[in-house]
Visitor: 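This structure is in C-alpha cells; I'll ask about it shortly.
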Amino acid sequence: MKLVIIGGTGLIGSKLVSKLREYGHEAVAAAPDTGVNTLTGEGLAEALRGAAVVVDVSNSPSFEEKAVMSFFTTSTQNLLSFAAEAGVGHYVALSVVGTGRIPDSPYLRAKNAQEALIKSAGLPYTIVHATQFFEFVKRIADEATEGTTVRLPPVLIQPMAAEDVAKAVGRIAVGPPINGTVEVAGPQQFRFDELIRQGLGARHDSREVVADSHARYFGAELGERSLIPANDARLGEIRFQDWLGQPMPLSGGAPQR
Ligand SMILES: NC(=O)c1ccc[n+]([C@@H]2O[C@H](COP(=O)([O-])OP(=O)(O)OC[C@H]3O[C@@H](n4cnc5c(N)ncnc54)[C@H](OP(=O)(O)O)[C@@H]3O)[C@@H](O)[C@H]2O)c1
C-alpha cells in the first residue's frame, strides 16, 4: 500500500516512515526537503499519485498566533484538495488531546481549525489526538520559564513517547477510516509540574519548577483534566522513567529531552 507521510522528515514522521517500510508498505516522506511543500502545493500532485493513504504529521515552524493559524489552514486546504484529486481513500491527521476545550491557546485553535476543515471536506478520514510527547518536555519548560523559574499548573497530564505515537498512527493509517477521532496517550498520569521537574532533573537542568495554578501553558489556563484523554484512549507502553534512562543525543538533529 502506498502511504504519503506529510512531515515525513520530522520527529513523528521519520519514525512513522521507518515503521511502515518495515511492514512492507511504500511510505513516501513528503516535506520541503524532499520537494513537497503543502503551503505552495509544490510536489503534492506527484507525491500523491497512486496513494491509498495520506498522513499529515507536519507542524508549523512558528507557534505565533497568526503564523500557526495560517500554516494549518493553508496547508490543510491544499492537502485536502490534492488528496481528493488523487482519489486518496484515507486522510489521517495527527492532532492534540483537548484541542476543543482549550480555546485560549492559539496553537490549539489552529489545530481545531485544521480538524474542522478535515471533517467538512467529505474525504474518509481519521483524526488522531495524542497527548504531549516526552520529547516536548524541554520546549514546554523553556516556554514556561521566567529567569531561572519554570511555572506550571499542577494539573494532570498523561504524556507519551514519540515512538508510541508513531506506532499508534501507523496502525490507524493502515486500517479503515473511522470518520472520527481516536485518542492515544501514555501509560501513566503525572502532575504537570512534577513531570517537568523529573524531565529537567534527568538532564541536570538546574531550573526550579514551581506549581502555580494560574500559570499559562502556551497562553492558556488549564483545568484539572484539560490535557487528559477519555477512558477509552489507546495507551502506549513506554514509561517516562524508562525513556529518561535511554542515552541522550550528543548533538543537534536528534530529539531533545
Ligand atoms: N509536541 C507534542 O507534544 C504534540 C502532541 C500531540 C500532537 N502533536 C502533533 O504532532 C504533529 C507532528 O509533530 P512533530 O513534533 O513530529 O513535528 P516536527 O518534528 O516539527 O516535524 C514537522 C514536519 O513538518 C514538515 N513541514 C513543515 N512545513 C512544511 C510544509 N510547508 N510542507 C510540508 N511539510 C512541512 C517539516 O519539514 P522541515 O523540517 O523540512 O521543515 C517536518 O518534516 C504536529 O502536527 C503536532 O500538532 C504534537
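Atoms within a ligand are numbered from 1 in the order they appear, just like the ligands themselves. Not measured: the values here are computed from a predicted model.
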Visitor: Are there more than 12 heavy atoms of other residues, nucleotides or ligands under 6.0 Å from atom CD of Glu85?
Guide: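 For Glu85, atom CD is not crowded (no more than 12 foreign heavy atoms under 6.0 Å).
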
Visitor: Distance under 4.0 Å to a non-hydrogen atom of Val36: what atoms of ligand 1 satisfy this?
Guide: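 The list of qualifying atoms is 32 (N), 33 (C).
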
Visitor: Test your reading of the structure: does Ser58 have an N or O sitting under 3.5 Å from an N or O of ligand 1?
Guide: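 Yes, there is a polar N/O contact under 3.5 Å.
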
Visitor: Hey, is Lys19 close enough to Glu163 for a salt bridge, meaning N to O under 4.0 Å?
Guide: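 Answer for the salt bridge query: yes.
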
Visitor: Decide yes or no on side-chain contact (heavy atoms from CB on, under 4.5 Å) for Ile102 and Leu227, but give the supporting numbers first.
Guide: CA-CA 9 Å; Ile102 314 177; Leu227 303 177; 3.9 Å; yes

Visitor: Side chain or backbone, does Ile12 bring an N or O within less than 3.5 Å of an N or O on ligand 1?
Guide: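 Yes: some nitrogen or oxygen of Ile12 is under 3.5 Å from one in ligand 1.
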
Visitor: For the 3.5 Å polar cut-off, considering only N or O atoms, please tell me whether Gln132 and ligand 1 meet it.
Guide: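 Such a contact does not occur with ligand 1.
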
Visitor: Give the atoms of ligand 1, by number and element, whose distance to some non-hydrogen atom of Ser95 is under 4.0 Å.
Guide: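 By the 4.0 Å cutoff, the relevant atoms are 6 (C), 7 (C).
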
Visitor: Mark up the atoms of ligand 1 that fall under 4.0 Å of a heavy atom belonging to Tyr107, in ascending order.
Guide: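 Listed by number with element, the hits are 44 (C), 46 (C), 47 (O).
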
Visitor: If I compare all heavy atoms of Gly13 with all of Val57, which pair ends up nearest, and what's the gap?
Guide: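 Closest approach of Gly13 to Val57, heavy atoms only: CA-CG2, 3.6 Å.
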
Visitor: Would you tell me which option among Phe63, Phe133, Phe71 has the nearest heavy-atom contact to atom 48 (C) of ligand 1?
Guide: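 Ranked by closest heavy atom to atom 48 (C) of ligand 1, first place is Phe133.
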
Visitor: What protein heavy atom is closest to atom 12 (C) of ligand 1, reported as residue, atom name and distance in Å?
Guide: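 Going by distance alone, atom 12 (C) of ligand 1 is nearest to Val57 O, 3.2 Å.
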
Visitor: Can you tell me which portion of Val165 lies within the under-4.0 Å heavy-atom range of ligand 1? Options are side chain, backbone, both, or neither.
Guide: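 Neither part.
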
Visitor: Counting non-hydrogen protein atoms only, what is the nearest one to atom 10 (O) of ligand 1? Give residue, atom name and distance.
Guide: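 Checking every protein heavy atom, the shortest distance to atom 10 (O) of ligand 1 gives Leu94 CD2, 3.2 Å.
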
Visitor: Check ligand 1 against Ala130 and write out every atom of the ligand that is under 4.0 Å from a heavy-atom position of the residue.
Guide: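 Under 4.0 Å from Ala130, ligand 1 has these atoms: 6 (C).
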
Visitor: Search all heavy atoms of Ala93 against all heavy atoms of Gln114 and return the closest pair with its distance.
Guide: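 Minimum heavy-atom separation between Ala93 and Gln114: CB-NE2, 4.2 Å.
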
Visitor: With side chains defined as the heavy atoms from C-beta onward, is the minimum distance between Phe71 and Thr76 less than 4.5 Å?
Guide: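 No, their side chains stay 4.5 Å or more apart.
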
Visitor: Taking NZ, NE, NH1 and NH2 as the nitrogens, is one of them in Glu194 or Arg197 under 4.0 Å from a carboxylate oxygen of the other?
Guide: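 Looking at Arg197 together with Glu194, the answer is yes, because their closest N to O distance falls below 4.0 Å.
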
Visitor: With the side chain counted from C-beta on, respond yes when Phe133 and Ile12 share a heavy-atom pair under 4.5 Å apart, and no when they do not.
Guide: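 When only atoms from C-beta onward are counted, Ile12 and Phe133 do touch, with a gap below 4.5 Å.
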
Visitor: Can we say Arg191 and Asp193 salt-bridge, meaning some charged N sits less than 4.0 Å from an Asp/Glu carboxylate O?
Guide: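 Salt bridge absent between Arg191 and Asp193.
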
Visitor: Looking only at protein heavy atoms, identify the closest one to atom 30 (C) of ligand 1 and say how far it is in Å.
Guide: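 Going atom by atom, the protein heavy atom closest to atom 30 (C) of ligand 1 ends up being Thr38 OG1, 3.4 Å.
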
Visitor: May I ask you to identify the nearest protein heavy atom to atom 23 (C) of ligand 1, giving residue, atom name and distance to one decimal place in Å?
Guide: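 For this ligand atom, the closest protein heavy atom is Gly7 CA, 3.6 Å.
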
Visitor: Compare all side-chain heavy atoms of Lys2 with those of Val88 and state whether any distance is below 4.5 angstrom.
Guide: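 The answer is no; the side chains never approach within 4.5 Å.
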
Visitor: Could you tell me the residue and atom name of the protein heavy atom closest to atom 21 (O) of ligand 1, and the distance to it rounded to 0.1 Å?
Guide: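 Nearest protein contact, heavy atoms only, for atom 21 (O) of ligand 1 is Gly10 CA, 3.3 Å.
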
Visitor: Please say whether Ile6 places an N or O atom under 3.5 Å from an N or O atom belonging to ligand 1.
Guide: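 For ligand 1, there is no N or O atom that lies under 3.5 Å from one belonging to Ile6.
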
Visitor: I'd like to know if Thr131 contacts ligand 1, where contact means a heavy-atom distance under 4.0 Å to any ligand atom.
Guide: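 Yes, that is the case, since the closest heavy atom of the residue is under 4.0 Å from the ligand.
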
Visitor: At what distance is the nearest protein heavy atom to atom 20 (O) of ligand 1, and which residue and atom is it?
Guide: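 Atom 20 (O) of ligand 1 sits closest to the protein heavy atom Asn59 CB, 3.8 Å.
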
Visitor: What atoms of ligand 1 come within less than 4.0 Å of a heavy atom belonging to Leu39?
Guide: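 Listed by number with element, the hits are 31 (N).
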
Visitor: Less than 4.5 Å apart, any side-chain heavy atom of Asn179 and any of Pro124?
Guide: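 When only atoms from C-beta onward are counted, Pro124 and Asn179 do touch, with a gap below 4.5 Å.
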
Visitor: Measure the shortest side-chain to side-chain distance between Tyr107 and Tyr217 over non-hydrogen atoms and say whether it is less than 4.5 angstrom.
Guide: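 Sidechains of Tyr217 and Tyr107: no contact.
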
Visitor: Which residue holds the protein heavy atom closest to atom 31 (N) of ligand 1, what is that atom called, and what is the gap in Å?
Guide: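 Of every protein heavy atom, Asn37 OD1, 2.9 Å lies nearest to atom 31 (N) of ligand 1.
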
Visitor: Are Asp164 and Arg234 close enough for a salt bridge, meaning some N to O gap below 4.0 Å?
Guide: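 Result for this pair is no, no salt bridge flagged.
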
Visitor: May I ask you to list the atoms of ligand 1 that are less than 4.0 angstrom from any heavy atom of Val96?
Guide: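 Under 4.0 Å from Val96, ligand 1 has these atoms: 6 (C), 7 (C).
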
Visitor: For atom 19 (O) of ligand 1, state which one of Val128, Asp33, Asp56, Leu11 supplies the nearest heavy atom.
Guide: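 Considering heavy atoms of Val128, Asp33, Asp56, Leu11, the nearest to atom 19 (O) of ligand 1 sits in Leu11.
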
Visitor: What residue and atom, counting heavy atoms only, is the protein's closest point to atom 39 (O) of ligand 1, and at what distance?
Guide: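 Going by distance alone, atom 39 (O) of ligand 1 is nearest to Thr9 OG1, 4.1 Å.
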
Visitor: Within less than 4.0 angstrom of ligand 1, does Pro32 place any heavy atom?
Guide: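 Yes, Pro32 has a heavy atom closer than 4.0 Å to ligand 1.
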
Visitor: Heavy-atom pairs closer than 4.0 Å: do any link ligand 1 to the side chain of Arg139, the backbone, both, or neither?
Guide: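 Answer for Arg139: neither.
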
Visitor: Under a 3.5 Å cutoff, is there a donor and acceptor pairing between the side chains of Thr99 and Glu115?
Guide: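 Indeed, the side chains of Thr99 and Glu115 share at least one donor-acceptor pair under 3.5 Å.
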
